[in-house]
Each structure stands twice: as structure tokens, then as C-alpha cells.
Number of protein chains: 2
Amino acid sequence: MPSLNKTFAALSDPTRFAIVNQLLVDGETSAGSLQQVADMSGPAISRHLKILRNAGVVEQRIDAQRRMYRVRPQAIMAVHNWTISHQEFWQSSVDRLEQVLLAEKERK
Amino acid sequence: MPSLNKTFAALSDPTRFAIVNQLLVDGETSAGSLQQVADMSGPAISRHLKILRNAGVVEQRIDAQRRMYRVRPQAIMAVHNWTISHQEFWQSSVDRLEQVLLAEKERK
DNA sequence: TCATTATTTAACGGTATTGTTAAATACAGT
DNA sequence: ACTGTATTTAACAATACCGTTAAATAATGA
């Protein structure tokens with residue numbers, strides 16, 4: 001079970017973030033098809049996938065010659081849980097901000 | 001408004017993640033006090049805080065000589081919203097996994 | 001086994017990141 | 001203005017990261 005900051009590190013690169021979002025939307029996708037999300041060589045994508053794998057963000061399944069990748073739900077849930085564990089902090093603040101904005105809107 | 005991968009980049013470093021968690025738990029804290037979360041020189045902490053500031057994760061308030069730091073709620077909410085926007089994906093999968101684990105538990 | 005397709009690993013160069021110490025800046029009190 | 005406290009900026013070295021091309025590995029089918 002990788003630590004959260006490792007997950008964040010995996011998601012910090014724009015290419016990897018795009019790959020993960022692609023996988024989240026389209027579901028399981030081959031390494032080759034993922035090349036299309038970034039204008040980048042195969043080896044570059046392959047190494048990004050390795051980093052995502054090592055961080056526990058994605059997992060691999062072999063289908064003939066192809067490597068099929070998919071997001072590990074627990075990885076996203078771990079991020080979610082972190083935000084939830086501090087929800088009281090940010091929720092109340094954002095609510096207050098929204099009320100201020102709403103009040104300003106009404107004054108006009 | 002910084003992009004999400006920039007926020008992830010800011011949170012990817014263990015020291016910065018520790019700083020943010022500290023701020024989330026203890027609330028506003030001075031730069032000096034934050035030195036205690038990591039065995040590291042003042043300048044190192046200061047630059048980490050700058051990175052967090054540039055990523056929009058924290059903000060600064062001046063109190064005499066001290067710089068007081070606090071987390072920007074919107075930053076955490078942005079992360080939260082991203083997980084929510086894909087909740088259908090990971091929620092269902094995790095639910096299924098939990099059901100399997102529960103079923104196995106009952107079989108014993 | 002040989003050829004084909006799909007992907008990964010290796011080696012390399014350029015750039016970015018991170019920590020250190022020394023110097024600079026900011027502010028308060030005398 | 002001068003001193004002390006708090007923090008940041010500058011300069012430097014070590015390491016990590018990212019993309020490229022070339023070579024290696026994996027799996028399928030003739």
C-alpha cells in the first residue's frame with residue numbers, strides 16, 4: 001500500500017494525469033492506445049505507466065501481446081478519503097465563502 | 001487558479017505533505033514552527049512553503065516578524081471534486097470488493 | 001523457427017528539484 | 001539608528017526526472 005504522497009507524485013506529471021483521466025473515462029486501455037493521449041514516444045509512455053504502476057495507481061493485465069491498463073479504484077478512494085478526513089476544515093470555509101459571494105450578488 | 005496536477009506536484013513531496021497535514025490539523029502556523037515537522041533547515045522549509053504558495057495550496061499572512069501560513073480550502077476541495085467526478089468508477093468497484101470480503105468473512 | 005506486433009529496458013543528455021550555508025530583507029523595540 | 005528575531009533569497013552541489021533512440025523481451029501466427 002503506497003503512501004499518499006507517492007500517489008500525488010504519480011499524478012503530478014501532466015502526461016500521467018492525462019493517462020489516468022483517460023483510463024477513468026474510457027476504462028481499460030492498452031499501452032499502445034494510451035500513446036495517443038500525449039505527443040510522446042512509446043518508451044516514454046511505457047515508463048510513465050511503470051511509475052503509475054509502482055505508485056499503485058494503475059494495474060496491468062496481459063492480453064496477448066498487449067498490456068491492458070486500468071485504474072486501481074483504491075488509489076482514487078485513498079485520495080478521496082484524505083480530503084474527507086479534513087472535510088470539516090475546507091467545507092465550512094468554502095461554505096462561508098459562498099455565502100459572502102451570494103450576499104454580494106444580492107446587494108447588486 | 002492552478003491546475004490540479006500542480007496541486008498534486010505540491011503535495012508529492014513528503015515534507016510538503018507533512019506541512020499541509022500539520023496546517024490542516026493545527027490551523028494557522030508560523031513558518032518557524034513548521035520547521036519542527038521536518039528535520040530540515042529554515043531555508044529549506046521556506047522554499048517548500050513558497051512552492052505550496054505558488055501552487056495555491058497555502059496562503060500567507062504577516063504577523064509582525066512572523067509569516068503565518070494556512071491551507072487554502074479551495075485547494076483541498078479541488079482535489080475532493082476530482083475524486084467525486086469519478087466517484088461512480090471507484091465507488092462501485094470498492095463496494096464490490098467489500099462485498100467479496102464480507103462474503104468470505106461470513107463463510108468462516 | 002522466423003517474422004510480426006506490442007511493449008519494455010538501457011543508455012544518454014538536458015533540465016528540474018532539493019538540501020546546505022551565507023547573505024539579504026522585514027519588522028519590532030530601545 | 002541599532003539590535004534581535006523571523007524569514008526569505010542567492011549560490012552551489014548532488015540527485016532525480018523526463019524524453020529520445022537503439023536494443024531487448026514477450027507473445028502470436030505462418
Side-chain angles (χ1 to χ4, degrees), chain A residues 2-23 26-72 75, chain B residues 2-23 26-72 75:
Chain A
S3 52
L4 209 42
N5 65 290
K6 263 229 155 194
T7 303
F8 288 138
L11 296 171
S12 69
D13 180 87
T15 301
R16 290 195 292 268
F17 188 56
I19 287 173
V20 169
N21 278 306
Q22 173 89 321
L23 290 176
D26 291 358
E28 202 177 46
T29 306
S30 70
S33 300
L34 287 170
Q35 262 186 258
Q36 293 177 322
V37 312
D39 185 24
M40 211 172 280
S41 68
I45 297 292
S46 179
R47 215 174 21 169
H48 280 304
L49 288 170
K50 189 179 190 174
I51 291 167
L52 287 168
R53 230 184 306 132
N54 289 338
V57 174
V58 304
E59 58 194 347
Q60 203 189 42
R61 181 178 68 86
I62 294 172
D63 169 41
Q65 297 106 325
R66 291 182 308 173
R67 269 77 189 162
M68 306 300 292
Y69 282 91
R70 59 177 175 280
V71 174
R72 289 186 63 235
Chain B
S3 52
L4 206 43
N5 65 290
K6 261 230 159 194
T7 303
F8 288 139
L11 297 171
S12 68
D13 180 88
T15 302
R16 290 195 293 269
F17 188 56
I19 287 173
V20 169
N21 278 306
Q22 174 89 319
L23 290 176
D26 290 358
E28 204 178 47
T29 305
S30 71
S33 300
L34 286 170
Q35 263 185 257
Q36 293 177 321
V37 312
D39 184 24
M40 210 171 283
S41 67
I45 297 291
S46 178
R47 212 168 27 157
H48 279 305
L49 288 169
K50 189 180 192 176
I51 291 167
L52 287 168
R53 230 183 307 130
N54 288 338
V57 175
V58 305
E59 57 193 350
Q60 202 189 44
R61 183 178 67 87
I62 293 173
D63 170 41
Q65 299 105 323
R66 290 181 308 171
R67 268 76 190 163
M68 305 301 289
Y69 284 91
R70 59 177 175 281
V71 174
R72 290 186 61 235

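Every heavy atom of this structure was used, including side-chain atoms; hydrogens, water molecules and symmetry mates were not. Every chain is numbered from 1, with letters handed out A, B, ... down the list of sequences.
As judged by a 4.0 angstrom heavy-atom cut-off over every strand, A/Q60 is placed among residues touching the sugar-phosphate backbone only. Among the atoms of the strands shown, only primed sugar atoms or phosphate atoms (P, OP1, OP2) are found under 4.0 Å from some heavy atom of A/A31.
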Protein and nucleotides 11-18 of chain D: nitrogen or oxygen contacts under 3.5 angstrom:
from: D/dC18; atom 1: OP1; to: A/D13; atom 2: OD1; distance (Å): 3.4
from: D/dC18; atom 1: OP1; to: A/R16; atom 2: NH2; distance (Å): 3.4
from: D/dC18; atom 1: OP2; to: A/R16; atom 2: NH1; distance (Å): 3.3

Between the protein and nucleotides 22-28 of chain D, which nitrogen or oxygen pairs come in under 3.5 angstrom?
from: D/dA26; atom 1: O3'; to: A/R67; atom 2: NH2; distance (Å): 3.4

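For the pair A/T29 (side chain) and A/G27 (backbone), a donor-acceptor distance under 3.5 Å is present.
Atom-to-atom, CD of B/Q36 to C1' of D/dA6 comes out at 14 Å; the value is rounded to the nearest Å. Residue B/D39 contributes atom CG, which lies 11 Å from atom P of C/dG19 at whole-angstrom precision. The CE atom of B/M68 sits 19 Å away from the P atom of D/dT5 (whole-angstrom rounding). To the nearest angstrom, C1' of C/dT7 lies 12 Å from CD1 of A/I45. The separation between B/Q35 atom CD and C/dT20 atom P is 10 Å, rounded to whole Å.
Toward the 5′ end of DNA chain D lies the nearest nucleotide of B/R66, the other residue of the pair A/G42 and B/R66 mapping further downstream.
Surrounding CG of A/D39 are at most 12 heavy atoms belonging to other residues, nucleotides or ligands under 6.0 Å away.
Residues A/V58 and A/R53 have side chains in contact (heavy-atom distance under 4.5 Å, counting atoms from C-beta outward). Here the side chains of A/M68 and A/I62 are not in contact, with every heavy-atom distance at 4.5 Å or above. Between A/L11 and B/L4, the closest side-chain pair of non-hydrogen atoms is not below 4.5 Å. Side chains of A/M40 and A/Q35 form no contact here, defined as non-hydrogen atoms less than 4.5 Å apart. Side-chain contact check for B/I45 versus B/T15: some heavy-atom pair is nearer than 4.5 Å.
Between D/dT20 and A/S41, a contact under 4.0 Å exists linking OP1 or OP2 to a side-chain N or O. For D/dA6, neither phosphate oxygen OP1 nor OP2 lies less than 4.0 angstrom from any side-chain nitrogen or oxygen of B/Y69. Within the 4.0 Å cut-off from OP1 or OP2 of D/dT8, not a single side-chain nitrogen or oxygen of B/K50 is found.
Of all heavy-atom pairs between A/N5 and B/P14, the closest is ND2-CG, 3.6 Å.
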Task: Step-by-step side chain to side chain contact (heavy atoms under 4.5 Å, CB included) determination, B/N21 to B/V37 - done: CA-CA 10 Å; B/N21 278 306; B/V37 312; over 6 Å; no

